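Below you'll find the structure, written out as structure tokens, and then a few comments.
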Protein chains: 2
Amino acid sequence: MKKDTSAAKGTRASTPRAGAARAVTVTDIADAIGVSRATVSLVLRGSPLVNVDTRARVEAELRRQRYVYNRGAANLRRRTSTSVALVINDLSNPFFAEFASGVDEALGAKGYVTLLGSTGESPERQQAVLTTLMEHTPAGLILSPAEGSDATEVRQALGFNANVLLFNRELNGGDWDFLTLDNQQGAYLATRHLIERGHQRIAFFGGHADSSSCHQRRTGYAQALAEAGLKVQPDWLIESAPNRLEAAARSGELFAGEVPTAAVCYNDTVALGLMLGLASRGVQPGRDFAVTGFDDISEAAVAMPPLTTLTVNPRERGRQAAELLLQRLDDPTAAPRRTVAPVQLRIRDSSGPAVG
Amino acid sequence: MKKDTSAAKGTRASTPRAGAARAVTVTDIADAIGVSRATVSLVLRGSPLVNVDTRARVEAELRRQRYVYNRGAANLRRRTSTSVALVINDLSNPFFAEFASGVDEALGAKGYVTLLGSTGESPERQQAVLTTLMEHTPAGLILSPAEGSDATEVRQALGFNANVLLFNRELNGGDWDFLTLDNQQGAYLATRHLIERGHQRIAFFGGHADSSSCHQRRTGYAQALAEAGLKVQPDWLIESAPNRLEAAARSGELFAGEVPTAAVCYNDTVALGLMLGLASRGVQPGRDFAVTGFDDISEAAVAMPPLTTLTVNPRERGRQAAELLLQRLDDPTAAPRRTVAPVQLRIRDSSGPAVG
DNA sequence: CTGAAAGCGCTTACAG
DNA sequence: CTGAAAGCGCTTACAG
């Protein structure tokens, strides 16, 4: 239960103000000017009950002694929390970094502090991180689950805390709020865009078929094809891990049977890898073969050719996630909500000129 | 002093487990199996004093009741802290995102939790963020100061907490630990590289002359020139805000007097802007004019031409910053330390072929 | 309007 | 090896 492994719990634990003066407390302030601690507390919390003159004296003394409010102690007594935990895959991923930035901005504006945790896409590490974070009694949690997360395990780590917002990946079995991108609509828009450019043979390239986001994107792709009276060809559904290397390696599979003229890619990373693979076999992306991505990572704009993709505005999604969680905190008993965030097609050169 | 403005302090403050079962405490566990709370506490902290049998019973009950340790309460009583505050400019900047990722990774491995704050490069916001974070009694603080930060103000917000590590920007007047990149050496390496390629007329482009990092980089640049018996020409020192637009706009200034054949740029963003400006006047960077950057942001590798620059490995810097802070926590009274992190030249096409 | 007392969940000497 | 008591810094009824 309590694995006592970390240095912070052992003898190496550090005192917050070690080597410095002892922290000033409400008692110090109260004693200094001859009022009770209760009065000081009321001043701190901005109560209108305090005599204006008493208030002034207290405030002067707070300043004089450089009093620092101990929010942890207050939260303990009041049984409240002023922190929110944010658990994501990895900040090295610009998408999550932007998302985290938006979350922190929106939370900070409401007086909450962000407790950060990263899973590195590992369910085991996720469990450890969640356990640690819960010990800090956050008011709520924003979680972008690691691939392969198990709802039961996650719920276990979360204890009875009901204030959870899931982002990006749904965990069925947990009745938690959920914010997702409109994957289906995005892939639909990309596919329709290629069809409008005159393409008839369009592949869907990359992603793991069993991941929910890949499934949704394939659905949007199929929908656009169906609307145009085009058929989904099974060997045009090509899986690939979402990294550049594997995507490049698998690009040959597009040329195994009937050769498509365009590919809707699972995401930008895959698209960039595919473009690499195409170029290395003498097929020039954007001219000989049209490619679209998903995410609009910063490299998309500067790639050669620049990548047509779907912008998701991760920073705005972060703000939105924070808002949704704050609403949940206001009404913990409300029914879980599912929110789908819009995505927008950004046309660049990789989807090429009109063909045919 | 205590401006009571934020929602979290007002009526909207939320209970941590609102709507759910009341939290299980050590008392619940103790009562359930008929031992004292002290015994439960000893088990939680892994004390060897507890009878092996008693320990087993306690641990079983902890599991049964899904006990969650309240680290805040423990920290209050023990006067310790298991969190570290990290304050940076903005996570949208990949450099800081990587850095934060490294910090969080290293802190998490030691059982600390990261409290996140961003300044948006505004000293005012920085004050507010620091004040809020200090109220959560972090064991220490890693701060990359906003441009224009004032040491006295920062110290004010920090109270008596001595456990501070500054990153990137020094604040004179504060006797804090400091981690910096080797700006001088980096610019020296870039300049020498250009000289070795045969350039004799080399400009230094971008940055604000009064910022310490720009000053250090210019020093390295001047040092390499001096070693080669080349003179620094004053009108080859061109200032520019570190953004692409202004850099592009100021590129004309290179052609005002005696025209250089190469430029060492303050950083990658400036270099990218300069390359844009050069291209727009028909000068092809990497062929007609050599350019180097600083930072190795992800765009550097995919720019056209790819940018010769200095890699700083921000993630590793983050880990290093965390390590340094943890050492400080171990010995709060040690003398402040200054650490210079190495940088490495990465040669790409923008610095062109050998000339002359 | 102000103060004395109890208590948030934990830990730590101190007895036994 | 275990328990009773005090206390970390704050807040909140409850008196007055």
Side-chain angles (χ1 to χ4, degrees), chain A residues 2 4 8-11 13 15-18 22-31 33-58 62 65 67-82 134-137 159, chain B residues 2 4 8-11 13 15-18 22-31 33-58 62 65 67-82 134-137 159:
Chain A
K2 292 271 71 292
D4 201 344
K9 300 184 211 166
T11 53
T15 58
R17 293 176 184 77
R22 220 173 134 296
V24 176
T25 72
V26 284
T27 308
D28 298 322
I29 305 299
D31 290 354
I33 56 174
V35 298
S36 77
R37 299 183 305 170
T39 302
V40 176
S41 177
L42 290 173
V43 170
L44 286 173
R45 311 209 60 244
S47 162
L49 297 179
V50 186
N51 180 300
V52 62
D53 199 66
T54 312
R55 166 185 305 282
R57 282 170 53 221
V58 170
L62 289 169
Q65 296 203 35
Y67 171 79
V68 176
Y69 188 66
N70 186 327
R71 203 164 284 282
N75 282 334
L76 176 59
R77 178 59 235 262
R78 302 183 64 204
R79 324 203 68 224
T80 55
S81 170
T82 49
M134 291 317 291
E135 294 180 353
H136 287 84
T137 57
Chain B
K2 295 268 73 292
D4 199 343
K9 299 182 209 164
T11 53
T15 57
R17 292 177 185 77
R22 222 173 134 296
V24 175
T25 72
V26 284
T27 309
D28 297 323
I29 305 300
D31 290 354
I33 55 174
V35 298
S36 76
R37 300 182 305 171
T39 303
V40 177
S41 176
L42 290 173
V43 170
L44 286 174
R45 311 209 60 243
S47 163
L49 299 178
V50 185
N51 180 300
V52 64
D53 199 65
T54 312
R55 166 186 306 283
R57 282 169 53 223
V58 170
L62 288 169
Q65 295 203 36
Y67 171 79
V68 176
Y69 189 66
N70 186 329
R71 203 164 285 282
N75 281 334
L76 176 59
R77 177 61 235 263
R78 302 184 63 205
R79 322 205 68 223
T80 56
S81 171
T82 50
M134 290 318 290
E135 295 179 352
H136 287 84
T137 59

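Predicted model only: the values in this text are computed from it and were never measured. To find a chain, count down the sequence lines: A is the first, B the second, and so on, and within it residues start at 1.
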(message) Does a side-chain N or O of Thr39(B) approach OP1 or OP2 of dC1(D) to a distance below 4.0 Å, or not?
(response)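 Result: no.
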(message) Going by side chain to side chain contact (heavy atoms under 4.5 Å, CB included), Val58(B) matches just one of Leu42(B), Val40(B), Leu44(B). Which one?
(response)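 Exactly one option meets the side chain to side chain contact (heavy atoms under 4.5 Å, CB included) with Val58(B), and it is Val40(B).
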(request) Go through Thr137(B) and Asn70(A) one step at a time and tell me if the side chain to side chain donor-acceptor pair (under 3.5 Å) criterion holds. (result) CA-CA 7 Å; Thr137(B) 59; Asn70(A) 186 327; 4.8 Å; no
(message) Could you measure the distance from the CG atom of Asn75(A) to the CD atom of Glu135(B)? Nearest 0.5 Å is fine.
(response)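 Answer for the CG-CD pair, Asn75(A) versus Glu135(B), is 10.0 Å.
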(request) To the nearest 0.5 Å, tell me how far Ile29(A) CD1 sits from Arg37(A) CZ. (result)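 Spacing of CD1 (Ile29(A)) from CZ (Arg37(A)) equals 13.0 Å.
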(request) Between protein and nucleotides 9-16 of chain D, map the contacts as a letter string: B base, S sugar-phosphate only, - none, heavy atoms under 4.0 Å, written 5' to 3'. (result) BBBB----
(message) Determine whether Arg78(A) and Arg45(A) satisfy the following criterion, side-chain contact (heavy atoms from CB on, under 4.5 Å), listing intermediate values before the conclusion.
(response) CA-CA 12 Å; Arg78(A) 302 183 64 204; Arg45(A) 311 209 60 244; 2.7 Å; yes
(request) Determine which bases of DNA chain C form Watson-Crick or G-U wobble pairs with both distances under 3.5 Å, and write the result as a 5' to 3' dot-bracket string with | for other-strand partners. (result) |||.||||||||.|||
(message) Can you give me the closest heavy-atom contact between Asp28(B) and Val24(B), atom names plus distance?
(response)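 Reported closest heavy-atom pair: OD2-CA, 3.3 Å.
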(request) List for me each residue that meets side chain to side chain donor-acceptor pair (under 3.5 Å) alongside Ser36(A), sequence neighbours excluded, and say none if there are none. (result)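 In terms of side chain to side chain donor-acceptor pair (under 3.5 Å), with neighbours along the sequence ignored, Ser36(A) is linked to Thr39(A).
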(request) May I ask you to decide if Ile33(A)'s main-chain N or O and Arg57(A)'s side chain share a donor-acceptor pair within less than 3.5 Å? (result)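 Yes, Arg57(A) side chain to Ile33(A) backbone: donor-acceptor pair under 3.5 Å.
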